Amino acid sequence: MSAVLDRPGHDADHAHDHPHGWRRWLYATNHKDIGTMYLLFSFAMLMLGGVLALGIRAELFQPGLQFVNPELFNQLTTMHGLIMVFGAIMPAFVGFANWMIPLQIGAADMAFARMNNLSFWLLIPAALMLGGSFFMPGGAPAAGWTLYAPLTLQMGPSMDAAIFALHIMGASSIMGSINIIVTILNMRAPGMTLMKMPLFCWTWLITAYLLIAVMPVLAGAITMTLTDRHFGTNFFNPAGGGDPVMYQHIFWFFGHPEVYIMILPAFGIISAIIPAFARKRLFGYTSMVYATASIAILSFIVWAHHMYTTGMPVTGQLFFMYATMLIAVPTGVKIFNWIATMWRGSMTFETPMLWSVGFIFVFTMGGFTGLILAMAPIDIQLQDTYYVVAHFHYVLVAGSLFAMFAGYYYWAPKWTGVMYSEFRGKLHFWASLVFFNITFFPMHFLGLAGMPRRYADYPMQFADFNMIASIGAFGFGIMQVYFFVFVVIPAMMGKGEPAAQKPWEAAEGLEWEVPSPAPFHTFETPPKLDATATRVVG
Amino acid sequence: MMSMKLLSDQFSKVCIGVFATLSTGLAQAVNDLPGGPAVRQLDLHPPASKIAESQQFLHNFMLIVCLVIFVAVFGVMFYSILKHRKSVGHKSANFHESVGVEIAWTVIPFIIVIAMGAMATRTVVAMKDTSNSDLTVKVTGYQWKWGYDYLKGEGEGIGFLSTLDNAHRVMSDSGKPAGDDYLLKVDNPLVVPVDKKVRIITTANDVIHAWMVPSLGVKQDAIPGFVRDTWFRADKTGDFYGQCAELCGKEHAYMPIHVRVVSQADYANWVQGKLKEMAALADDPSKVWKLEELIARGETVYNANCVACHRPDGKSAGPIKALDGSAVVLNDPGAQINILLNGANNGAMPAWKQLSDTEIAAVITYTKNSWTNSTGKAIQPAEIVSARQ
């Protein structure tokens, strides 16, 4: 296999290159090992965040307080959000980037291998500190994942732990982003021009720029919160003339690009899978790239649509309403391109394709509710109700998470060298899809009926839909445990049919030019590529 | 519009039927609350103001537009999924771009979203127009209750607090809720006249709250240190309910909003009664009270304001400082007055300066002489007056 070069005399330093035991992981500089650690870490965080979510749903199963008191309830909602956003979704995409970007562009590894190690290992103390905040005096932070001032000023010492943890995670994200940008811009194999690059690399390149732009903004906001809490400043403390609304502006200036940070890499994964299973080239590659860039740019000028009810001047509301609606245009272009790729293809529906089609279907529903929420007059009714909870779970769970499952089933044969069981993959998909909708669809009704979010207890009229949602949530949770036990663990143990080098008939890209499982070192010298930059020649 | 409503009504009936069948035996006995949530409600509240009506109209409009796009887009996708599959022998075509199609599906959605925005613009402008109001009420968010002060218009000078009925809070803790107005019943509803433009000015004492009444189409954050405003003109009389919509701490779910819209004549009567009642209640801060009187008065103040955190037994819950056996309560009246007036622990103990001098004196006296505390000491309102200066 020409892509994996065994240079003479290279064997001598293999022991150095390929450490074993704990050193292999702690001192890891190999993009594949680091990618694996990122993915396992984020799955552990998904489970932790999921347990907190089930705590919430158990309490809301019936009206009245049964399991937790309101203090703990607020801690659960806050920590569920923080852990899922910063611990599960973001690191999981970095894990995909670590594994796939060097393979897709024909590079030997990430540009900064040791920084790569640091950006992963920083996550562990951050996660321990964040998770450990439950055991601090007064319990975990309970101000919501948005950490609005001045409620944050009332929190106990765990708030400081959470701020510190977020700082560390932010530093990790920025390092990861620098690494990804430098890798993509400098380490592409000759012939892999930017406009021939797989879309996953494109979406991550743009995401990495977004991360570098907005993580410092979040860091600023929470640092000001910290100094307000301890050093007598009054950035956000109204008692000293501070401005709590300014906190929201700064937070959402980070927060809105953040939601695209969590979805753009998903678009990249879907754009790889749909053509592979439709046996047809991706429709409108160029417009996909431009649409991704437009979404990224627009994401900086829509932040205040999270703040219609704070009381903005009428011009502000109109500007943010129109700007927000514009995002529907490039997002629509992506959906249309995917469907045009499927159109007159020759489709099969293995598990990755099922997750991808499921993604398009359910993500689009989240897109529709996003349009409805963008309308300022309707948002006045729906802001801070369960409608918003339904909306962002449709785009984050059915969007980002479904895309990651698609990506897992698509690429895991390459990672592990064994095929998953189609039956188990399909069961995981269908049960997750059904339970997801049982959980979150009724929340639209709750929101329309005016049930506010972050409520430990609610009027009796909301009881039935809450009960349905709770049942769905437990089903959804169980299916993810099933996924780990019956799909991931067997794959990690090497159980299953051996995977071919290219297990998917029409998959394209350099990752399919190396054997399965991908050897520890790939593309140690730049490969020669054909004209489409999807095959290695000679 | 008519057919829209018919359709949605039909849909509601079908859905309600399905869910009713599903949940027979599960649901507790509860009925719709007029002006509040209905059982298994599927849509926005029935509007009771022009703004709420246009919100409802816009929502229906958006639903229909989204439904049309949904059917068109997914019609194509599922047709493709059925027909263009390998298992039915379909061979893949070889096209991968088309400038014309791509421009069309960029420009058409652009026109659609601009049209959507244009539909909503008039309502946005109308919502923000708080000028020429007949009545102005200041709404203050406290942890965890609402304060209403009638600033301008008929009823000027009226002011009161509005708190969740403590029986509901107890029901919540016991896990055995009951009643159609569970968590929505307050001691003093906000009373306003029908067909009058009511301007609501919001602010808050501690953290951000949000004042919302879905039937009236209003939701406005109440932000400490800032004033914001919104307005409504109720077009029918009745009771309308809402809840705090911005996370404000542990009792966030327990500070409902109840607006009672009454006829002009009833409103005039209510204002007369309320003004008399307030005059009767007003305490002379220079009055010297007996210990027992202060304790009795303090107990009502305690139960209305303090009991949520400090518990009926004064032992408090979680990180909140206990009052029973507290050194400050037993020995340091100056510090205790200071804490009540200015708050403590970064606002974890809020400031209570909005209470009257008599109320603060009474509640301090109550804490000094309740549970295992028995100092026998009384704090007189005059001491609060001087501490405030």
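All chains are named by letter (A, B, ...) in the order of the sequence lines, taking the proteins before the strands, and each is independently numbered beginning at 1. Everything numeric here is computed off the predicted structure, so don't read it as measured data. Side-chain atoms are counted along with the backbone in the values below, which use heavy atoms only and exclude waters and symmetry mates.
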### Message
When you compare the side chain of His84(B) with that of Trp343(A), does any pair of heavy atoms fall below 4.5 Å?
### Response
yes
### Query
What pair of heavy atoms forms the shortest contact from Gln66(A) to Gly175(B), and how long is it?
NE2-O, 3.6 Å
### Query
Is there side-chain contact between Met451(A) and Pro37(B), with at least one heavy-atom pair below 4.5 Å?
no
### Task
Heavy atoms only, distances under 4.5 angstrom: which of Met171(B), Lys176(B), Glu97(B) has the most pairs with chain A? Name it, please.
Glu97(B)
### Query
Where on Arg85(B) is there a heavy atom nearer than 4.5 Å to chain A: the side chain, the backbone, both, or neither?
both
#### Entry: Test item: Tyr322(A) side-chain N/O and Ala118(B) main-chain N/O as donor-acceptor pair under 3.5 Å
yes
### Message
Can a side-chain donor-acceptor contact be found between Thr309(A) and Asp221(B) if the only test is distance below 3.5 angstrom?
### Response
yes
### Query
CG/Leu373(A) to CE/Met62(B) distance, rounded to the nearest 0.5 angstrom?
9.0 Å
### Task
Could you tell me which non-hydrogen atom of Met77(B) sits nearest to which non-hydrogen atom of Ile360(A), and how far apart they are?
SD-CG2, 4.0 Å
### Query
Any side-chain heavy atom of Phe226(B) sitting closer than 4.5 Å to one from Thr310(A)?
no
### Summary
Closest non-hydrogen contact found for Pro224(B) with Pro244(A) is O-CG, 3.9 Å
### Query
Between SG of Cys66(B) and CG of Leu371(A), what distance do you get to the nearest 0.5 Å?
5.5 Å
### Query
Quick one: are Leu326(A) and Phe110(B) in side-chain contact, heavy atoms under 4.5 Å?
yes
### Query
When you measure from the side chain of Glu246(B) to the backbone N and O of Asp384(A), does any donor-acceptor pair fall under 3.5 Å?
no
### Query
How many angstroms lie between CZ in Arg281(A) and CG in Asn94(B), if you round to the nearest 0.5 Å?
8.0 Å
### Message
Need one label for Val218(B): side chain, backbone, both or neither, based on atoms under 4.5 Å from any heavy atom in chain A.
### Response
backbone
### Message
Can a donor-acceptor pair be found, under 3.5 Å and without considering hydrogens, that links the side chain of Thr123(B) to the backbone of Pro377(A)?
### Response
no
### Closest non-hydrogen atom pair, Gln41(B) against Leu448(A)
NE2-O, 4.2 Å
## Note on the structure
Answer key: most heavy-atom pairs under 4.5 Å with chain A among Lys83(B), Lys86(B), Lys128(B) is Lys86(B)
### Under 4.5 Å from a heavy atom of chain A, the part of Ile320(B) involved
neither
### Message
Return the CE to CZ distance between Met375(A) and Phe61(B), rounded to the nearest 0.5 Å.
### Response
6.0 Å
### Task
Would you check if Phe361(A) and Phe70(B) make a side-chain contact, meaning some heavy-atom pair closer than 4.5 Å?
yes
## Note on the structure
Per-residue tally against chain B (heavy atom, under 4.5 Å) across Asn74(A), Val329(A), Asp457(A), Val357(A) peaks at Asp457(A)
### Message
Can you tell me which portion of Ile114(B) sits under 4.5 Å from chain A's heavy atoms? Options are side chain, backbone, both or neither.
### Response
both
### Task
Sort Tyr254(B) into side chain, backbone, both or neither according to what part of it lies under 4.5 angstrom from a heavy atom of chain A.
side chain
### Any donor-acceptor pair under 3.5 Å from Lys219(B) side chain to Ile380(A) backbone
yes
#### Entry: Contact check, side chains of His90(B) and Arg344(A), non-hydrogen atoms, under 4.5 Å
yes
### Message
Report which part of Leu44(B) has an atom under 4.5 Å of a heavy atom belonging to chain A: side chain, backbone, both, or neither.
### Response
both
### Nearest heavy-atom neighbours spanning Glu251(B) and Pro70(A)
OE2-CG, 4.4 Å
### Interface moiety of Glu102(B) toward chain A, non-hydrogen atoms closer than 4.5 Å
side chain
### Task
Please say whether more than 12 non-hydrogen atoms of neighbouring residues, nucleotides or ligands are located less than 6.0 Å from CZ in Phe95(B).
yes
### Task
Go through the atoms of Ser54(B) and report whether side chain, backbone, both or neither lie under 4.5 Å from a heavy atom of chain A.
neither
### Message
Heavy-atom cut-off 4.5 Å, strictly under: side chain, backbone, both or neither for Met127(B) against chain A?
### Response
side chain
#### Entry: chain A contact via Ile108(B) - side chain, backbone, both or neither, heavy atoms under 4.5 Å
neither
### Message
Quick check for you: to the nearest 0.5 Å, what is the distance between Leu58(B) atom CG and Gln381(A) atom CD?
### Response
11.0 Å
### Query
When only pairs under 4.5 Å are counted, which of Phe78(B), Trp105(B), Tyr182(B) shares the most heavy-atom pairs with chain A?
Trp105(B)
### Task
Please report the closest heavy-atom contact between Leu151(A) and Leu247(B), naming both atoms and the distance.
CD2-O, 3.6 Å
### Query
In Å, rounded to the nearest 0.5 Å, how long is the span from CD1 of Ile335(A) to CZ of Phe74(B)?
6.5 Å
### Most chain B-contacting option - heavy-atom pairs closer than 4.5 Å, from Met312(A), His444(A), Arg229(A), Met155(A)
Met312(A)
### Query
Counting distance only, does the side-chain N/O of Lys280(A) pair as donor-acceptor with the main-chain N or O of His96(B) below 3.5 Å?
no
### Pick from Pro109(B), Gly242(B), Ala38(B), Gly179(B) with the largest number of heavy-atom pairs that fall under 4.5 Å of chain A
Ala38(B)
### Query
Which region of Arg122(B), side chain (C-beta onward) or backbone (N, CA, C, O), has a non-hydrogen atom less than 4.5 Å from a non-hydrogen atom of chain A, or is it both or neither?
neither
### Message
Is the shortest side-chain heavy-atom distance between Gln154(A) and Pro350(B) below 4.5 Å?
### Response
no
### Per-residue contact mode, Met212(B) against chain A (heavy atom under 4.5 angstrom)
side chain
### Query
Do the side chains of Tyr455(A) and Cys244(B) get nearer than 4.5 Å, heavy atoms only?
yes
### Query
With chain A, which of Thr121(B), Asp206(B), Asp129(B), Val125(B) has the greatest number of heavy-atom pairs at distances under 4.5 Å?
Thr121(B)
### Message
Tell me which of these, Gly225(B), Ser172(B), Ser87(B), has more heavy-atom pairs under 4.5 Å with chain A than the rest.
### Response
Ser172(B)
